[in-house]
Visitor: 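Handing you a structure now.
The analysis underlying the following values was restricted to heavy atoms, covering all of them including side chains, and did not include hydrogens, waters or symmetry mates. All values derive from a computational prediction rather than experimental measurement.
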Amino acid sequence: MKPLIGITVESNHDPDDPRTRGKMELNWNYAQAVADAGGVPLVIPPMADMAEVAKLIDGWLIPGGLDIDACNFGEENHPEVKLQDPVRYQGEKALFQNVSADLPVFGICYGCQFLNVVRGGNLIQHLPDIEGAVQHTDGVMQSYDLDDASKLAGMVQSDQMKGKSYHHQAVKDLGEGLKVVAKNEDGTVEAI
């Protein structure tokens, strides 16, 4: 039996829109990557009963998205923040609270930041404010140094890798139980 991999989606809840009440979307490549790896992608809307979803899934992919409201880590929002719909964050938080600690979870960009925040960490809200930070938007190819004892280094069989960056926020102080396993050459946390 193929593993059922839940993928939470970008949301834009608009209760004032009489026709649609908002939209949900997911970039095609996330679901395609799960299918290509032998899994069955299951798209999870933010209003799903997350206790029931947690019983069904064999893994969880948290895709990229907009910015997490800084109120979730006790700060005011930076003026450059483009806020994620709070409905998405609340849905994902409910799922996080219901899944087993053993469930494989892969957070990409926003997903990585979400995992840090939901575990009590915080974020650099605007990377251009950090002196010496290289460009992290528009898919710039970058080099990452990996913790050679990490699962990530084991999977790629190297202590270095390259990747493209599309974000302007990053993990700052780590949440409970987390460890940095990849950093950009400028010191920005890329994987936890």
Visitor: Minimum heavy-atom separation for Asn77 and Ala70, please, with both atom names.
Guide: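 Reported closest heavy-atom pair: OD1-N, 2.8 Å.
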Visitor: When you look at Met161 and Leu146, which way does the side chain to side chain contact (heavy atoms under 4.5 Å, CB included) test go after all the steps?
Guide: CA-CA 8 Å; Met161 65 184 292; Leu146 308 183; 4.0 Å; yes
Visitor: Which residues satisfy the ring pair (Phe, Tyr, Trp, His ring centres under 6.0 Å) test with Tyr110, sequence neighbours excluded?
Guide: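 In terms of ring pair (Phe, Tyr, Trp, His ring centres under 6.0 Å), with neighbours along the sequence ignored, Tyr110 is linked to no residue.
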Visitor: Can you find a heavy atom in the side chain of Ile62 that is under 4.5 Å from one in the side chain of Ile108?
Guide: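 Result no, sub-4.5 Å side-chain heavy-atom pair not found.
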Visitor: Under 3.5 Å, is there a donor-acceptor pair linking the side chains of Asp129 and His78?
Guide: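 Result is yes, a qualifying pair exists.
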Visitor: Return the set of residues passing salt bridge (Lys or Arg N to Asp or Glu O under 4.0 Å) with Lys179 (not counting sequence neighbours), or none when no residue passes.
Guide: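 With sequence neighbours excluded, Lys179 shows a salt bridge (Lys or Arg N to Asp or Glu O under 4.0 Å) to Asp147, given in chain and number order.
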Visitor: Any chance you could lay out the side chain to side chain contact (heavy atoms under 4.5 Å, CB included) test for Met141 and Lys164, step after step, and finish with the verdict?
Guide: CA-CA 4 Å; Met141 185 62 78; Lys164 292 184 177 183; 3.8 Å; yes
Visitor: Any side-chain heavy atom of Pro41 within less than 4.5 Å of one from Ile7?
Guide: yes
Visitor: Please give me the minimum heavy-atom distance between Pro15 and Arg21, naming the atom from each residue.
Guide: O-CD, 3.7 Å
Visitor: Please examine the side chains of Ile57 and Leu42, heavy atoms only from C-beta on, and report whether any two atoms are closer than 4.5 Å.
Guide: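 SC-SC contact between Leu42 and Ile57 confirmed.
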Visitor: Supply the members, apart from Leu83, of the Ile/Leu/Val/Met/Phe/Trp/Tyr cluster built from side-chain contacts under 4.5 Å; use none for a lone residue.
Guide: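 Grouped by the 4.5 Å side-chain rule, Val81 form the rest of the cluster around Leu83.
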Visitor: Considering non-hydrogen atoms only, spot the tightest contact between Pro63 and Leu26 and give its length.
Guide: CG-CD1, 3.8 Å
Visitor: List for me each residue that meets side-chain hydrogen bond (donor to acceptor under 3.5 Å, both in side chains) alongside Asp148, sequence neighbours excluded, and say none if there are none.
Guide: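 side-chain hydrogen bond (donor to acceptor under 3.5 Å, both in side chains) list for Asp148, sorted by chain: empty.
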Visitor: Measure across Ile68 and Phe73 and return the closest heavy-atom pair with its distance rounded to 0.1 Å.
Guide: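 Of all heavy-atom pairs spanning Ile68 and Phe73, the closest is O-CE2, 4.4 Å.
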Visitor: List in chain and number order the residues that pass ring pair (Phe, Tyr, Trp, His ring centres under 6.0 Å) with His168, two or more places apart in sequence or in another chain; answer none if no residue qualifies.
Guide: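 Expected list: His126.
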Visitor: Does any pair with a residue in residues 84-100 pass salt bridge (Lys or Arg N to Asp or Glu O under 4.0 Å), and if so which ones, sequence neighbours excluded?
Guide: Glu10-Arg88, Arg88-Glu92
Visitor: Test of understanding: with side-chain contact (heavy atoms from CB on, under 4.5 Å), list the residues that count as partners of Pro86, not counting sequence neighbours.
Guide: none
Visitor: We want to know whether Gln160 and Asp145 form a side-chain donor-acceptor pair, criterion being a heavy-atom distance below 3.5 angstrom.
Guide: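 There is such a pair (donor and acceptor under 3.5 Å, judged by atom type) between the side chains of Gln160 and Asp145.
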Visitor: When rounded to the nearest 0.5 angstrom, what is the spacing between CD in Gln84 and CD in Gln113?
Guide: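 Output value for this atom pair is 11.0 Å.
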Visitor: Between OG of Ser150 and CE of Met155, what distance do you get to the nearest 0.5 Å?
Guide: 8.0 Å
Visitor: Going by ring pair (Phe, Tyr, Trp, His ring centres under 6.0 Å), name the pairs with one or both residues in residues 10-46, residues two or more places apart or in two chains.
Guide: none
Visitor: In the hydrophobic clustering (ILVMFWY, side-chain contacts below 4.5 Å, transitive), which residues join Leu174, or is it alone?
Guide: Val171, Leu178, Val180, Val189, Ile192
Visitor: Residues in side-chain hydrogen bond (donor to acceptor under 3.5 Å, both in side chains) with Ser143, at least two apart?
Guide: Lys162
Visitor: Name the atoms and distances for all side-chain donor-acceptor pairs under 3.5 Å in residues 94-104, with sequence neighbours left out.
Guide:
from	atom 1	to	atom 2	distance (Å)
Asn98	ND2	Ala94	O	2.7
Ser100	OG	Asp102	N	3.0

Visitor: Which of these passes side chain to side chain contact (heavy atoms under 4.5 Å, CB included) with Tyr89: Asp69, Leu66, Val117?
Guide: Val117
Visitor: Does any non-hydrogen side-chain atom of Val40 lie less than 4.5 Å from one of Val34?
Guide: no
Visitor: Working to the nearest 0.5 angstrom, can you tell me the gap between Cys109 SG and Asp67 CG?
Guide: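 These two atoms lie 8.5 Å from each other.
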Visitor: For the residue pair Gln125 and Glu75, confirm or rule out a side-chain donor-acceptor distance under 3.5 Å.
Guide: yes
Visitor: Measure across Ala48 and Val53 and return the closest heavy-atom pair with its distance rounded to 0.1 Å.
Guide: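 Answer, listing the atom of Ala48 first, then Val53: CB-CG2, 3.9 Å.
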Visitor: Taking the side chain as C-beta and beyond, is there a heavy-atom pair between Pro128 and Glu80 under 4.5 Å?
Guide: no
Visitor: Tell me the side-chain hydrogen bond (donor to acceptor under 3.5 Å, both in side chains) pairs involving residues 37-63, sequence neighbours left out?
Guide: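 For residues 37-63: Thr8-Trp60, Glu52-Lys55.
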Visitor: List the steps, then state whether side chain to side chain donor-acceptor pair (under 3.5 Å) holds for Asn184 with Gln142.
Guide: CA-CA 7 Å; Asn184 184 290; Gln142 301 173 348; 2.5 Å; yes
Visitor: Specify the closest pair of heavy atoms between Pro18 and Asp16, including all atoms of both residues, with the distance to one decimal.
Guide: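 Distance-wise, the nearest heavy atoms are CD-O, 3.1 Å.
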